[in-house]
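Notes follow once the structure below has been shown.
Just so we're on the same page: letters track the sequence lines, and every chain starts at 1.
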There are 2 protein chains.
Amino acid sequence: MRADARRNYDRIVEVAREVFREQGYDASLDEVAKRAGVGPGTLYRHFPKRENLLDAIMQSWVDRVTETADKALAHEGTDRDLLLNWFEQYVGLISQHKGAPAKLTSAMGDPDSPIRTKCQVLAEANDRVLERLRQDGVLREDVEPIQVCRLVGGVATIADSSELDAAAVRPMLEVVADGLLR
Amino acid sequence: MRADARRNYDRIVEVAREVFREQGYDASLDEVAKRAGVGPGTLYRHFPKRENLLDAIMQSWVDRVTETADKALAHEGTDRDLLLNWFEQYVGLISQHKGAPAKLTSAMGDPDSPIRTKCQVLAEANDRVLERLRQDGVLREDVEPIQVCRLVGGVATIADSSELDAAAVRPMLEVVADGLLR
DNA sequence: ACCTGAACACCGTTCAAGT
DNA sequence: ACCTGAACACCGTTCAAGT
């Protein structure tokens with residue numbers, strides 16, 4: 001990759017992260033290009049689809065996911081607390097900007113999505129937490145891990161679009177957690 | 001209302017219902033106007049915002065909601081079955097077209113939404129079902145009815161965007177139902 | 001090899017002119 | 001009072017010309 005291309009790529013990603021956080025996932029790509037000081041064609045050369053840009057933005061995000069799951073697993077307390085804490089972390093992780101929870105959760109089952117590797121990381125982190133509970137024998141057995149991602153992702157999606165705060169999200173996560181434990 | 005205005009209004013609503021069902025809530029309003037045989041200005045005169053059009057489309061829908069809740073309450077069987085059945089009906093009711101579950105669920109808490117009366121009808125139907133379970137003493141008491149709408153609406157939203165069928169939705173509704181019962 | 005920016009397409013929205 | 005459709009704005013997307 002040529003030096004100027006590299007520089008443009010990095011600036012676009014940095015600016016996009018900022019614009020998405022300000023205006024949500026549906027923000028104008030024209031504005032991203034302008035703020036990054038490049039022509040629209042340059043943006044499209046590097047990121048043919050909006051999702052490719054999202055994928056690039058989330059490059060550093062994957063580490064955060066793994067670390068967060070590690071911490072959640074190290075949590076001292078009841079199984080219910082562990083699960084609830086993980087759910088709250090999960091919601092935080094996928095709520096980077098407006099529209100992100102919906103985007104990430106709907107991509108969870110799509111093998112052709114440009115952000116599939118990111119979804120896999122998230123799914124694996126979730127698997128690790130659930131596996132721990134399963135070994136403790138406290139998890140109901142007729143629900144697949146991906147359905148748990150969808151349930152919590154659904155809560156995050158609604159919280160995002162209705163602009164609910166953590167205090168309003170908490171009871172919903174409790175219902176999901178209690179429904180999963182036996 | 002003048003006769004030609006009335007006729008145009010009705011045609012637009014009818015066509016919009018069809019187009020939304022085919023292409024989802026984000027469909028082009030230009031196409032709606034074209035198919036209805038009116039100019040774009042006519043559509044905007046009757047429906048200044050897209051949500052006003054959605055509201056008009058759902059005029060007959062309110063009766064269906066009330067009837068569905070009536071039937072659910074007449075259901076013979078366990079409380080869990082009653083609740084689960086209502087949840088499945090609820091998902092069906094708000095999944096009229098792509099994008100509808102998200103739209104309806106995010107409008108549930110917004111008193112300024114053009115479709116607020118429709119949301120109220122849905123919320124009241126849900127209240128009636130929950131009240132019945134509360135009287136039976138099987139419902140946990142620390143969750144507000146609107147949170148139940150959001151939980152089930154969240155499941156419907158994800159099912160909608162991920163194009164899940166009823167078989168995939170069912171286990172998620174079971175988790176929510178079991179989390180709500182004690 | 002990469003960038004630029006004009007150009008095109010599409011769509012939402014407005015409004016002057018018409019009936 | 002209502003309708004029409006041209007006009008404008010905005011944005012995504014492409015591509016010929018340039019470095």
### Message
For a quick check, with a 4.0 angstrom heavy-atom cut-off, what is the B/S/- contact string for nucleotides 2-13 of chain C, read 5' to 3'?
### Response
BSBBB----SSB
### Dot-bracket encoding per residue of DNA chain C, Watson-Crick/G-U cut-off under 3.5 Å, | denoting interstrand
||.|||||...|||||.||
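Salt-bridge annotation for B:D10 and B:R6: present, with a side-chain N of the basic residue lying under 4.0 Å from a carboxylate O of the acidic one. A salt bridge does not link B:E144 to B:R150: none of the charged side-chain nitrogens sits closer than 4.0 Å to a carboxylate oxygen. In this structure, B:E67 does not pair ionically with B:K71, as no charged nitrogen and carboxylate oxygen lie closer than 4.0 Å.
Looking at A:T42, its side chain never comes within 3.5 Å of a backbone N or O of A:V38 through a donor-acceptor pair.
Heavy-atom neighbours of B:E14 CD from other residues, nucleotides or ligands within 6.0 Å: at or below the threshold of 12.
Between atom CH2 of residue B:W86 and atom CG of residue B:N126 there is a gap of 6.0 Å, rounded to the nearest 0.5 Å.
Classification of the B:Y25-B:F20 ring pair by plane angle, with boundaries at 30° and 60°, yields perpendicular.
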